Every structure is written in C-alpha cells, then in structure tokens.
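First up is the structure itself, then whatever we jot down about it.
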Amino acid sequence: MNYILNIETATKNCSVSLAKEGKTIICKEIAELGYSHAEKLHVFISEIISEAGISYADLKAVAISSGPGSYTGLRIGVSAAKGLCFALGLPMISVDTLTSLANQVFQTDGLIIPMIDARRMEVYSAIFDSKKEMIRAVKAEILSENSFSSITEKIYIVGDSSEKAKTVLTTPNFIFLDEIQHPSAREMSLLSYSKFRKSDFVDLAYFEPYYLKDFMFAK
C-alpha cells in the first residue's frame, strides 16, 4: 500500500493526514491563534501512525505544504518533513498551499480565488478555474475596490482573508465561502499522490518553502 504522510502548517491550522492510495484515512488538526505547531505537529504525526496501525517503515513519502504562508509555520513543517525523510530514506513531495485550499471548493461553475492573510489589506492569492486548474499564479497583492474587476463571472472566495475582503469586494459576483478558512492536510492527499505516481519529488537538501516575501509575522 502507498501510504503518504501529509503535513500542512502554512497558516494557523496545524494539520496532518495519512493517505492510502490518495485517499485520506486519518486527519488531525487544530487551528489556534497562538500557532501551536511546534507543540502539536509531532504529537499528531505519532498519533496518526499509531491509530492507523502501521509503522513509519510503511510510509512511502512525506508531503509538505510549500506555502505561501507564515514564515514560522512553514519552517516548522518543512523541518519536520525533512527530518522524517532523512531518517526514513523517504522522498519528499511539495504541494502548493493555495492549490490545496482551492480543492476544498466543490462548486462546478465560476472561478476560485483562495486567499491567505498577510498584513493589513494584503493577501497571498491565486486564481483557479472550476476544474481546480491554476490560471493565474500566486502573488502578493493589496485588495481594493478594483481587485479582480475585469472578471464578470462568479468568483468563490475562500481562506482567512474573507472578512477584510468583504469590505472592498462588494459586487454580486463575489461569493464568500466563509466555512473554508484554512488549508488542510486532508485536501493534500490526492494532490500528493498524483505527484508520487509521477515521481515528482523535491531535493531534500535544497528545498525551501515558498515564502513569497522575506518574512510574514504570525498573527
């Protein structure tokens, strides 16, 4: 069986899942304002392995959410993933954070814009079509009344920037899915398995998360 451990720490959600053949079988996560990643991450990993009734030797790969997001959160997640891969001789898979966030949307029309909160009115965002294909690359941008004004079709907004986005994105085509706040390791499973089947691995020695900017303070 192809078991892959998925780790998501790009935002305040500390999330770990175990997937078998691309399907999530166990997921543990907690979203706290204090960013408890350092305390919770290794506990979640250990509990998941134990509850699944497997050993670390059964893992075929470790997948890490690569950002953008919190500098500290990304460092903690990548360090843990690299440590496991080095110790167990496993390949490491990188999964784009905004892609996994977009994959929580099940609507079949319009566009999807996942957003991760940065400072003030700034967000990290990308644009996806209804098939979850990225059609505009990730970038940092300051939201205003003119943001995405050239798009007339439905736009589904997800992520932890919804409250501030609502103050400027007020036209009827913006639909805010407030229940989708954070990227989760649960949605990484199919993405990481797809990369595993193609042997799309990163170089353990040189991989760095996609900070997008030099530093983002945790909030």
Side-chain angles (χ1 to χ4, degrees), residues 4-19 23-49 51-52 62-84 92-106 112-119 122-126 128 132 138 140 156-166 176-193 208-213 215-219:
I4 298 176
L5 187 73
N6 300 288
I7 297 173
E8 165 57 68
T9 58
T11 67
K12 69 180 182 181
N13 190 31
C14 179
S15 179
V16 181
S17 73
L18 180 69
K23 296 182 179 180
T24 300
I25 56 175
I26 301 176
C27 181
K28 290 182 177 287
E29 55 191 354
I30 185 170
E32 293 183 334
L33 289 175
Y35 278 79
S36 57
H37 301 24
E39 295 80 18
K40 300 292 187 182
L41 181 56
H42 288 284
V43 174
F44 284 169
I45 293 171
S46 178
E47 288 178 348
I48 280 177
I49 295 297
E51 290 177 22
V62 177
I64 182 68
S65 179
S66 60
S70 158
Y71 182 95
T72 302
L74 288 169
R75 293 302 300 174
I76 291 171
V78 169
S79 295
K82 283 189 174 185
L84 285 169
M92 190 166 83
I93 299 166
S94 168
V95 175
D96 177 76
T97 302
L98 290 173
T99 299
S100 64
L101 182 54
N103 270 262
Q104 295 186 50
V105 178
F106 294 103
I112 304 164
I113 302 183
M115 296 181 182
I116 292 177
D117 195 19
R119 300 185 186 94
E122 190 172 25
V123 298
Y124 301 146
S125 71
F128 296 79
K132 314 299 193 302
V138 178
Y156 296 99
I157 304 290
V158 296
D160 60 2
S161 301
S162 291
E163 288 307 310
K164 68 182 182 184
K166 286 177 183 178
F176 292 88
L177 304 180
D178 292 334
E179 67 276 14
I180 304 175
Q181 287 287 308
H182 307 293
S184 169
R186 189 182 304 275
E187 274 68 43
M188 290 176 64
S189 297
L190 189 58
L191 298 169
S192 60
Y193 184 58
E208 290 290 334
Y210 183 38
Y211 297 121
L212 197 59
K213 302 176 77 173
F215 193 89
M216 174 182 169
F217 288 100
K219 294 184 178 181

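Computed from a predicted structure; not experimentally measured.
Salt bridge Arg75/Glu208: present, at least one basic N to carboxylate O contact under 4.0 Å.
Distance CD1/Ile64 to OG1/Thr97: 8.0 Å, rounded to 0.5 Å. The CZ atom of Phe106 lies 11.0 Å from the CG atom of Leu177; values are rounded to the nearest 0.5 Å. Remark: Ile7 CD1 to Ser79 OG distance equals 10.5 Å, nearest 0.5 Å. With rounding to the nearest 0.5 Å, the separation of SG in Cys27 from CZ in Arg186 is 4.0 Å. Residue Leu18 holds its CG atom at 11.0 Å from CD1 of Ile45, rounded to the nearest 0.5 Å. Taken to the nearest 0.5 Å, the OH atom of Tyr156 stands 16.0 Å off from the CD atom of Gln104.
Partner of Asn13 under the side-chain hydrogen bond (donor to acceptor under 3.5 Å, both in side chains) criterion, chosen from Glu8, Glu29, Gln181, His182: Glu29. Of the listed residues (Val123, Thr11, Val138, Leu74), just one forms a side chain to side chain contact (heavy atoms under 4.5 Å, CB included) with Pro68, and that residue is Val138. Exactly one of Leu5, Asn6, Ile49 qualifies for a side chain to side chain contact (heavy atoms under 4.5 Å, CB included) with Val16. That residue is Leu5.
Proximity of a side-chain donor or acceptor of Ser17 to a complementary backbone N or O of Ile26 within less than 3.5 Å is not detected. When atom types are taken as modelled, the side chain of Thr9 and the backbone of Gly73 share a donor-acceptor pair closer than 3.5 angstrom.
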TODO: Give the intermediate values and the outcome of side chain to side chain contact (heavy atoms under 4.5 Å, CB included) for residues Ile112 and Lys132.
DONE: CA-CA 8 Å; Ile112 304 164; Lys132 314 299 193 302; 3.6 Å; yes
Task: Check against side chain to side chain contact (heavy atoms under 4.5 Å, CB included), Lys166 and Asp178 - done: CA-CA 11 Å; Lys166 286 177 183 178; Asp178 292 334; 2.7 Å; yes
TODO: Check the pair Glu39 / Val43 against side chain to side chain contact (heavy atoms under 4.5 Å, CB included), numbers first and verdict last.
DONE: CA-CA 7 Å; Glu39 295 80 18; Val43 174; over 6 Å; no
TODO: Check the pair Asp117, Ser161 against side chain to side chain contact (heavy atoms under 4.5 Å, CB included), reporting the backbone distance first and the verdict last.
DONE: CA-CA 5 Å; Asp117 195 19; Ser161 301; 3.5 Å; yes
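For the pair Ser125 and Met115, the tightest heavy-atom approach, listed with the atom from each and the gap, is CB-CG, 4.0 Å. The two residues Gly159 and Leu101 come nearest to each other via the heavy atoms CA-CD2, 4.0 Å. For the residue pair Ala102 and Phe128, the shortest heavy atom distance occurs at CB-CD1, 3.8 Å. Between Ile93 and Ser192, the shortest heavy-atom distance links the atoms CD1-O, 3.5 Å. Scanning all heavy atoms of the two residues, the minimum distance from Cys14 to His37 falls at CB-ND1, 3.7 Å.
At least one side-chain heavy atom of Ile30 sits less than 4.5 Å from a side-chain heavy atom of Phe44. Inter-residue side-chain proximity for Val158 and Pro114 is flagged as met; some heavy-atom pair is nearer than 4.5 Å.
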